[in-house]
Trainee: 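Structure in structure tokens, see below.
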There are 2 protein chains.
Amino acid sequence: MSLLILEEFFPYHTRLFYRQVSSAVTHVYETRYGLKPYEWRTMAILGPDGDFTANEIVTRSSMDKVSVSRAITSLKQRKWILSKANKHDGRSRLIRLSAAGKTVYQELVPLMLEVEQKLLSVYTTEEVAELRRLMAKIADQDCAKFVV
Amino acid sequence: MSLLILEEFFPYHTRLFYRQVSSAVTHVYETRYGLKPYEWRTMAILGPDGDFTANEIVTRSSMDKVSVSRAITSLKQRKWILSKANKHDGRSRLIRLSAAGKTVYQELVPLMLEVEQKLLSVYTTEEVAELRRLMAKIADQDCAKFVV
DNA sequence: ACAAATAGGTTTCAAATGAAACTAGTGTTG
DNA sequence: CAACACTAGTTTCATTTGAAACCTATTTGT
């Protein structure tokens, strides 16, 4: 006769924690610039000087390639990114922020760092370090390890 | 000239951590019983003896009412839950697991607890307590606190 | 050098999601 | 006891999402 109390179930806590963090963050770029999560992350990866292929964005952001492809398409439509041929590989193109995209990036990044600070303000410096360490401990494992 | 390194951004870590936890958990009920997250959570809330309205499930699970409504519909089709009139309120019905639903629950719960244990096995007992405490510290805040 | 296999990106399709509109029962107020 | 506002739950609709199929360029094997 086993019983599972959802309110005590670790994955359930994880979900509530994640939702709080992610909604705080999303709210900023969503309301200010109408950016979707994948678009924001793509811009964040590119940064002011980036010159990356779609594939490099995928690797660095842990997003899937379909989402990155769509983010690139829509950021290109907004003229926030530019792309040029990749002379080393004709299948891909090198992408970077346009001047307009850099302006958005420069306005948005301080706000994103501010919301990060607000989230972390509930912790002491040691707690932040400890929380990061503990999260990494699960995130860095091979997921096969947890298969039941 | 601000710069944001996604790889050091706290919300990004949170997302990787959450994905790992949630994919481990989802994998179990998904592959074994073809349950969707909302269906599993509904069953988890009901438990062997539950007798709840949809609204009570919403409150206890932090899911939204649309998802709960759909989970109830599909669990009813599978005949894993039963519902009866709520004599105190004609708008809602009282829901509980059927005999078949209880069987699934009894098979699934030990597996879910096992995957929870596997996830937590990377930590010491003190680390588990500390991680839960730290996650709750953000999860329990009013989200307005984090608005930028 | 040329077929076959592979890798980078995009498109298609079906499923998941949530906001808002909707239906129906309950409670409140004059 | 109507008229109104409100709550429980469902449906509709538009958006988000990802797996699989797809196209094109590159690499590999012979």
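A note on names: the letters A, B, ... follow the listed sequences, proteins ahead of strands, and every chain is numbered from 1.
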Trainee: Mind checking ring pair (Phe, Tyr, Trp, His ring centres under 6.0 Å) for A/Trp40 and listing every partner two or more places apart, or none if nothing turns up?
Mentor: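 Here the qualifying residues are A/Tyr29.
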
Trainee: Can B/Ser62 and A/Tyr12 be counted as having a side-chain donor-acceptor contact under 3.5 angstrom?
Mentor: yes

Trainee: Salt bridge check: are A/Glu116 and A/Arg132 linked by an N-O gap of less than 4.0 Å?
Mentor: yes

Trainee: I'd like to check the salt bridge (charged side-chain N to carboxylate O under 4.0 Å, His left out) partners of B/Lys84; sequence neighbours left out, ordered by chain and number.
Mentor: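 With neighbours one apart ignored, the set is B/Asp51.
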
Trainee: Measure the CZ-CD distance between B/Phe146 and B/Gln141 for me, rounded to the nearest 0.5 Å.
Mentor: 4.5 Å

Trainee: So where does chain B start and stop touching DNA chain D, 5' to 3', when the test is distance under 4.0 Å to a non-hydrogen atom?
Mentor: D/dT7 to D/dT12

Trainee: I need the residues from residues 14-29 of chain B with at least one non-hydrogen atom less than 4.0 Å from DNA chain C; give them sorted by number, or say none.
Mentor: none

Trainee: Does a side-chain N-to-carboxylate-O contact under 4.0 Å join A/Glu127 and B/Lys137?
Mentor: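 Looking at B/Lys137 together with A/Glu127, the answer is yes, because their closest N to O distance falls below 4.0 Å.
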
Trainee: Go along nucleotides 8-20 of chain C 5' to 3' and tag each nucleotide: B for a protein heavy atom under 4.0 Å from its base, S when only backbone or sugar atoms are that close, - otherwise.
Mentor: SBBBB---SBBBB

Trainee: Measuring from B/Lys102:NZ to B/Glu107:CD, what's the distance to the nearest 0.5 Å?
Mentor: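 If I round to the nearest 0.5 Å, the distance is 14.5 Å.
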
Trainee: Between B/Ser92 and B/Asp89, does any side-chain donor sit less than 3.5 Å from a side-chain acceptor?
Mentor: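 Per modelled atom types, B/Ser92 and B/Asp89 side chains form no pair under 3.5 Å.
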
Trainee: Around atom NE2 of A/His27, are there more than 12 heavy atoms from other residues, nucleotides or ligands closer than 6.0 Å?
Mentor: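 Atom NE2 in A/His27 is not packed in, count stays at 12 or less.
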
Trainee: Sequence neighbours excluded, which residues qualify as salt bridge (charged side-chain N to carboxylate O under 4.0 Å, His left out) partners of A/Glu56?
Mentor: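 A/Glu56 satisfies salt bridge (charged side-chain N to carboxylate O under 4.0 Å, His left out) with no other residue.
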
